[in-house]
Amino acid sequence: MANEDRAGVATDAESAAKLLHGVVDQLVEGWRTRPEHPASPVTADAAEIRAWLGKYPLEQPENLEQAVPDVLAALDRWTVHTDHPGYFGLFNPSATWAGVAGDLITAAVNPQLAAWSHAPFAVEAEQRCIDLFAGRLGLPDTAGGHFTSGGAEANATAVLTALTHAFPGYSTGGLRSLDAAPVFYAGADSHLAWLKIAHAAGLGRDACRLVPSDVSGRLDVAVLETMLAADRRDGKAPFLVVATAGTTGAGMIDPLPRIADLARDAGLRFHVDAAWGGAACLSDRLRGALTGIERADTITVDAHKWLSVPMGAGMFFTRDRAELSSSFTVSTSYMPGQVEDTADPYTTSAQWSRRFIGLKLWLSLLAYGVSGYRDQIEHDAALGQELRDQLSDAGWLAINDTPLPIVCATRADAPADPEESWRWHSALADRVNATGSAWVSPVRVAGRPALRVCVISWRTRTEDIVRLREILGHG
């Protein structure tokens, strides 16, 4: 008989409540005082961090009432803080508190989303979010989709479903059953997870054809046509073209209608990676920038980007939900039987066991509504334009043209040589970040170095834009 006195990992309700209440109080206080602290680490030395971790050998229990404040202090010291109002960085915005609550609830209840019968509310709540966004993206009633760990998984799903659709023998015989080597196309300024996806799918990285950008930083459709024709002459089997709606570097939106036309005429699948820019579908003022996305076969949108929920939360959409079953269906006796008029997530997605990813988005929509998100997205876009104007007034030249709130700018006194210019912009970004008031990064737009400033935090206000402009004025 088991020893009932053994502690193991058991925790009583009183201790659990004390721990969680303490964590929440400290997190909220850290959030409240974040603007008073640096937006990024002053220094980050790997040896020093490893030495800090060595204080906790993890062999015997520690007192969490003492350890948790220590851990939070370490995170405060050694983290780029995306909840800082001066964070003008990558697409990792301040998380909504409703989203944080969603992650806490998900972690505690811990529903298993492999089978509908084990988590019916969770599966249906996620599907409600998917249906809402599919409608806003202009997809037909036949559309479906699911939540993913992030954009990379969603984009990998697009490749798998495209291969399954284009090559009937692929699902059982794999690539070895095909008569020609499959290739697909994405912009050179797209998210280069496409190379990793091609590698993981067994296609090989060379199968991902990176199409050069035009002078604006958008995928060059004329070059794409030339590459497509050349690959067909060489006996390759093109099957997919990817457009980006909001490139990571400069927020550029590829010419979606033209690419949709090309895909249709060439018999290719059409995928739109709208991981960041897809959130603009919630704004009637901005959604016109996404015209053409409604013609996509598949779409990626990340909720943990402009929808501001905690990482990770991607969404994959397809205009034909039946394709998910044809790509992922599997059956085994140890899984519960399917319930009529439902779909088990493990039969319609790459993941099997999966957490309730969608609750943080569902709760955020519940708290703020589409209307709240619309107002926030339009507010961010307006701040982006204000930033563009402020930098222009200070003698900067914006070299990207996008309705999304990213400004990539340079100055007339920047070095002309590309490599010297890159070092100049990198050093300037380091000086800005060293102030603690902001976090920015260098970038290349169509090969041209620039300073990248993105309005991504819902905590950012006009005064933060002004402060950044003042810092850059002394750069």
Side-chain angles (χ1 to χ4, degrees), residues 39-44 80 86-91 185-196 205-206 208-224 226-227 244 246-255 276 384-385 387-456 465 467-475:
S40 60
V42 176
T43 60
V80 174
Y87 178 72
F88 298 101
L90 307 178
F91 301 138
Y185 306 87
D189 287 306
S190 66
H191 195 297
L192 293 187
W194 292 112
L195 296 175
K196 297 169 68 173
R205 296 190 178 208
D206 287 347
C208 176
R209 303 293 207 242
L210 294 178
V211 183
S213 298
D214 61 20
V215 293
S216 73
R218 298 174 175 86
L219 183 149
D220 192 318
V221 179
V223 175
L224 170 60
T226 300
M227 293 173 67
T244 303
T247 59
T248 304
M252 308 309 295
I253 299 174
D254 289 338
W276 181 54
Q385 184 58 52
L387 170 63
R388 188 176 293 265
D389 295 341
Q390 292 256 356
L391 290 179
S392 176
D393 291 344
W396 287 75
L397 172 66
I399 62 173
N400 67 323
D401 179 18
T402 176
L404 306 181
I406 294 183
V407 181
C408 300
T410 187
R411 282 201 325 229
D413 59 344
D417 177 77
E419 291 310 310
E420 288 186 26
S421 180
W422 176 255
R423 289 191 290 271
W424 186 89
H425 287 93
S426 298
L428 179 57
D430 289 342
R431 290 198 297 274
V432 171
N433 298 345
T435 69
S437 297
W439 194 94
V440 299
S441 59
V443 71
R444 285 186 172 95
V445 179
R448 185 177 181 183
L451 198 70
R452 179 186 182 279
V453 187
C454 177
V455 179
I456 192 61
I465 300 290
R467 185 179 302 111
L468 175 62
R469 191 257 299 158
E470 291 173 348
I471 295 171
L472 289 173
H474 295 88

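Values below: every heavy atom of this structure, side chains too, minus hydrogens, waters and symmetry copies. Since the model is a prediction, treat every value here as computed from it, not as a measurement.
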Does [X] reach the side chain of [Y], with side-chain heavy atoms less than 4.5 Å apart?
{"X": "C454", "Y": "F91", "result": "yes"}
{"X": "L472", "Y": "L428", "result": "yes"}
{"X": "M227", "Y": "P212", "result": "yes"}

Heavy-atom closest pair, residues [X] and [Y]:
{"X": "V80", "Y": "S40", "value": "CG2-CB, 4.0 Å"}
{"X": "G89", "Y": "R452", "value": "O-NH1, 2.6 Å"}
{"X": "G384", "Y": "V407", "value": "O-CG2, 3.7 Å"}
{"X": "A450", "Y": "I399", "value": "CB-CD1, 3.6 Å"}

Mind checking the [atom1]-[atom2] spacing from [X] to [Y]? Nearest 0.5 Å is all I need.
{"X": "L210", "Y": "W194", "atom1": "CG", "atom2": "CH2", "result": "11.0 Å"}
{"X": "T402", "Y": "R388", "atom1": "OG1", "atom2": "CZ", "result": "7.5 Å"}
{"X": "C208", "Y": "L195", "atom1": "SG", "atom2": "CG", "result": "5.0 Å"}
{"X": "S392", "Y": "L387", "atom1": "OG", "atom2": "CG", "result": "11.0 Å"}
{"X": "H191", "Y": "K196", "atom1": "NE2", "atom2": "NZ", "result": "8.0 Å"}
{"X": "R467", "Y": "T435", "atom1": "CZ", "atom2": "OG1", "result": "9.5 Å"}

Residues in side-chain hydrogen bond (donor to acceptor under 3.5 Å, both in side chains) contact with [X], at least two apart in sequence or another chain:
{"X": "D389", "answer": "Q385"}
{"X": "E420", "answer": "none"}
{"X": "Y87", "answer": "none"}
{"X": "R423", "answer": "none"}

Backbone of [Y] reached by a side-chain donor or acceptor of [X] within 3.5 Å:
{"X": "T226", "Y": "A222", "value": "yes"}
{"X": "N400", "Y": "I406", "value": "yes"}
{"X": "N433", "Y": "G436", "value": "no"}
{"X": "R218", "Y": "V215", "value": "no"}

Practice problem: Applying salt bridge (Lys or Arg N to Asp or Glu O under 4.0 Å), name anything that partners R205, two or more places apart in sequence or on another chain. | Solution: none
Practice problem: Taking salt bridge (Lys or Arg N to Asp or Glu O under 4.0 Å) as the test, write out the residues that go with D413, two or more places apart. | Solution: R411
Could you go through residues 248-255 and list every donor-acceptor pair under 3.5 Å that involves a side-chain atom there, pairing it with any protein atom two or more places apart or in another chain?
{"unit_1": "D254", "atom_1": "OD1", "unit_2": "L219", "atom_2": "N", "d": "2.9"}
{"unit_1": "D254", "atom_1": "OD2", "unit_2": "T244", "atom_2": "N", "d": "2.9"}

Quiz prompt | Non-neighbouring partners of P418 that pass side-chain contact (heavy atoms from CB on, under 4.5 Å), sequence neighbours left out | solution = none
Self-check item: Listed partners of A429 passing side-chain contact (heavy atoms from CB on, under 4.5 Å), at least two apart
Solution: V440, P442, L451
Exercise. Among residues two or more places apart or on two chains, list those pairs meeting side chain to side chain donor-acceptor pair (under 3.5 Å) that have a residue in residues 437-451.
Key: E419-R444
Quiz item: Is it true that the side chains of D189 and S213 contain a donor and an acceptor less than 3.5 Å apart?
Solution: yes
Quiz prompt | Sequence neighbours excluded, every pair satisfying salt bridge (charged side-chain N to carboxylate O under 4.0 Å, His left out) that has a member inside residues 394-408 | solution = none
Quiz item: Who pairs with W396 by ring-ring contact (aromatic ring centres under 6.0 Å, His included), at least two apart in sequence or on another chain?
Solution: none
